[in-house]
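In what follows, chains carry the letters A, B, and so on, assigned in the order in which the sequence lines appear, proteins first and then strands, with residues in each chain numbered from 1. Computed from heavy atoms alone, side chains included, the values below leave out hydrogens, waters and symmetry copies. Source: prediction; values computed, not measured.
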2 protein chains.
Amino acid sequence: MKIDPDSPADLSAQIAKSIRDAIVSGDLRVDERLPSETELSEQFDVSRSTVREALKRLGAQSLIRTQRGATGGAFVNKLTYPEAYGQQITTSTLLLSMNAVSFATACEARYALERACAPLSAERRTADHLATMRAEAHRQAQPGLTDEAFCASDVAFHRALVDAADNPVLSYQLAGAVEAIEPLMNMITFSARSRETIVSLHSTIADALEARDAQMVETTLSELASYTNELAQSVFAARQKS
Amino acid sequence: MKIDPDSPADLSAQIAKSIRDAIVSGDLRVDERLPSETELSEQFDVSRSTVREALKRLGAQSLIRTQRGATGGAFVNKLTYPEAYGQQITTSTLLLSMNAVSFATACEARYALERACAPLSAERRTADHLATMRAEAHRQAQPGLTDEAFCASDVAFHRALVDAADNPVLSYQLAGAVEAIEPLMNMITFSARSRETIVSLHSTIADALEARDAQMVETTLSELASYTNELAQSVFAARQKS
DNA sequence: GACTTTTAAATGTCAGACAAATGAAAATTG
DNA sequence: CAATTTTCATTTGTCTGACATTTAAAAGTC
């Protein structure tokens, strides 16, 4: 392991890249232990602090984990789905908030992706998924719920819909889309009447899923998409006036 | 800004979290400058090295960028789509390779997501998108193409299909799915005959898109999904025997 | 006024030290 | 001998202080 000593500064970034490549290419396998910080600093011919900064970078990407003590060190981390979810959600959320993505665009993407799940979810949904969805729909119908709680329940409902497809890759991909939009949804004030409409659509989706009617699920999702969009537009229009 | 001095070690992780929260919540705005490392070390009451490790973590997530010099420092980074793509692809690729996701699962997810784009792409595709897709299909038909080059062209083709939906959020979400599966696809040996079938399906998709026939796009994508899956299964079956 | 030089501030890197955790080996004890 | 305790070496986490490098602004010069 060597690095180009002539290339521009930021040795820790180069070292991080070098190790990252070794992991991605499979040179370093899951749970394999990296050399100790002291050894790495000798191999790369840099100070220990520089190695440490490189390792922190890798740790931030969940590529390695570290453990203290005699048998400790840095280990290649097996990226789990929950970890990947987390990164996906953070990245998506920031992307939306920092790039002024319009509500319409985010909404369109979200429901398009969910429609993609419909056929699979209709085929594979279990009683558990249906129970979760109905419970969330029921919660959403309760008066006195804050807008935040309503949105959180909405996320849980749609999460169950996606998980019903029983494809972890799909769940992972959609976690970002569904959860990242929550902050945008939280900006909407849901009137009692609009909540009623949404809950009704949610119930229809649950019914369609129970009947394994994929087409109906898709249609209802489209309706939900339009309705959410209208709602958002009227809210933003009202806000601009004031 | 203070941190809990009693909580378990890993001060740099706590500091990173503290700053990350400030960014995500909007307390720190895009392009805003963070205090200098020395100032931060005073504020958090830790050494400069610890602050630096925290900053490296944030840098690895593209949350901040640093600049040297008199007016330099750490700035809140505006997460761009290309940066987000990159992270998304790295994460997805690792997730698939480290969790032994079956080809069938990844394939199913990929085509389900692409089908989600079909209606939008059919509506919004431009002549440019069509030209790209036809050019890639033409390249795929040329003999003497390596399997890797064929797969790369396949990715480019599908990328154009997704981009035709003209929704950056959707493009971002799907970049991971489509590109992360490429290493798995590269494991397949494409015979002349199987290439012919795939190219034919690609042409059909381009035709359907030109005719703005979303239903046809979806149907053909489903065929492509089944065919790819069959192909993979026969390849893996043959490999197991030997 | 335009150009050059100096300077101050910031990150990047290094070296050396000590603290704290941790598992394994060694010593002790019943 | 077996079980427990102690010691110990290793490794990461943190701190301190120093110097190098980069950069833009300030000061000086023609």
Enquirer: Which residues pass the salt bridge (charged side-chain N to carboxylate O under 4.0 Å, His left out) test with B:Lys78, not counting sequence neighbours?
Expert: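 Result, salt bridge (charged side-chain N to carboxylate O under 4.0 Å, His left out) vs B:Lys78: none returned.
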Enquirer: Tell me the interatomic distance from B:Phe75, atom CZ, to C:dT11, atom C1', rounded to whole angstroms.
Expert: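 Distance, rounded to whole Å: 11 Å.
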Enquirer: Can you measure A:Leu40 atom CG to D:dG13 atom P for me and round it to whole angstrom units?
Expert: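 The distance from CG of A:Leu40 to P of D:dG13 comes to 13 Å, rounded to the nearest Å.
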Enquirer: I need the CZ-P distance between B:Arg33 and D:dT23, as an integer number of Å.
Expert: 15 Å
Enquirer: Can you list the residues that meet the side-chain hydrogen bond (donor to acceptor under 3.5 Å, both in side chains) rule with B:Glu108, with sequence neighbours excluded?
Expert: A:Arg124, A:Asn167
Enquirer: Compare side-chain N and O positions of A:Thr71 against OP1 and OP2 of C:dG23 and report whether any pair is under 4.0 Å apart.
Expert: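 No.
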Enquirer: Determine: side-chain N/O of B:Arg52 to OP1/OP2 of C:dT11, distance under 4.0 Å, yes or no.
Expert: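 Answer no for this pair, as no side-chain N or O of B:Arg52 is under 4.0 Å from OP1 or OP2.
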Enquirer: Does B:Ser47 have any side-chain hydrogen bond (donor to acceptor under 3.5 Å, both in side chains) partners at least two apart in sequence or in another chain, and if so, which?
Expert: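 By the side-chain hydrogen bond (donor to acceptor under 3.5 Å, both in side chains) rule, B:Ser47 matches B:Ser49, B:Thr50.
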Enquirer: Using only side-chain N and O atoms of A:Thr50, determine if any of them is under 4.0 Å from OP1 or OP2 of C:dC14.
Expert: yes
Enquirer: Applying salt bridge (charged side-chain N to carboxylate O under 4.0 Å, His left out), can you list everything that pairs with A:Arg33, at least two apart in sequence or on another chain?
Expert: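 By the salt bridge (charged side-chain N to carboxylate O under 4.0 Å, His left out) rule, A:Arg33 matches no residue at all.
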Enquirer: Can you list everything that forms a side-chain hydrogen bond (donor to acceptor under 3.5 Å, both in side chains) with A:Asn99? Sequence neighbours excluded, please.
Expert: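 Partners of A:Asn99 by the side-chain hydrogen bond (donor to acceptor under 3.5 Å, both in side chains) criterion come out as none, since no residue qualifies.
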Enquirer: Of A:Ser49 and A:Leu55, whose closest DNA chain D nucleotide lies nearer the 5' terminus?
Expert: A:Leu55
Enquirer: Please report the distance, rounded to the nearest Å, between CG in A:Leu11 and C1' in D:dT22.
Expert: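 The distance from CG of A:Leu11 to C1' of D:dT22 comes to 15 Å, rounded to the nearest Å.
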Enquirer: Can you name the ring pair (Phe, Tyr, Trp, His ring centres under 6.0 Å) partners of B:Phe150, sequence neighbours left out?
Expert: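 Partners of B:Phe150 by the ring pair (Phe, Tyr, Trp, His ring centres under 6.0 Å) criterion, ordered by chain and then number, come out as B:Phe190.
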Enquirer: A:Glu37 has an atom CD; how far is it from atom P of C:dA20, in whole Å?
Expert: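 Result: 18 Å.
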Enquirer: Could you check how far CD of A:Glu53 sits from P of C:dT13, rounded to whole Å?
Expert: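 Going from A:Glu53 (CD) to C:dT13 (P), I get 7 Å.
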Enquirer: Given D:dT12, D:dT10, C:dA9, identify the nucleotide with an atom nearest to the side chain of B:Ala70.
Expert: C:dA9
Enquirer: Tell me which residues in residues 56-67 of chain A lie within less than 4.0 Å of DNA chain D, going by non-hydrogen atoms.
Expert: A:Lys56, A:Thr66, A:Gln67
Enquirer: With sequence neighbours left out, what residues match B:Phe157 under ring pair (Phe, Tyr, Trp, His ring centres under 6.0 Å)?
Expert: B:His202
Enquirer: Quick test: give all pairs of protein nitrogen or oxygen and nucleotides 18-21 of chain D nitrogen or oxygen below 3.5 Å, distance rounded to 0.1 Å.
Expert:
from   : atom 1 : to      : atom 2 : distance (Å)
D:dT21 : O4'    : B:Arg68 : NH2    : 3.2
D:dT21 : O2     : B:Arg68 : NH2    : 3.2

Enquirer: For A:Asp163, is there an ion pair with A:Arg125 - N to carboxylate O distance below 4.0 angstrom?
Expert: no
Enquirer: Which residue lies toward the 5' end of DNA chain C, A:Ser47 or B:Gly73, if each is placed at its nearest nucleotide?
Expert: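 Per heavy-atom nearest nucleotide, the more 5' residue is B:Gly73.
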Enquirer: For A:Thr80, does its backbone N or O pair with a side-chain atom of A:Glu83 as donor and acceptor, under 3.5 Å?
Expert: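 Indeed, once roles are kept as given, a pair shorter than 3.5 Å links the two residues.
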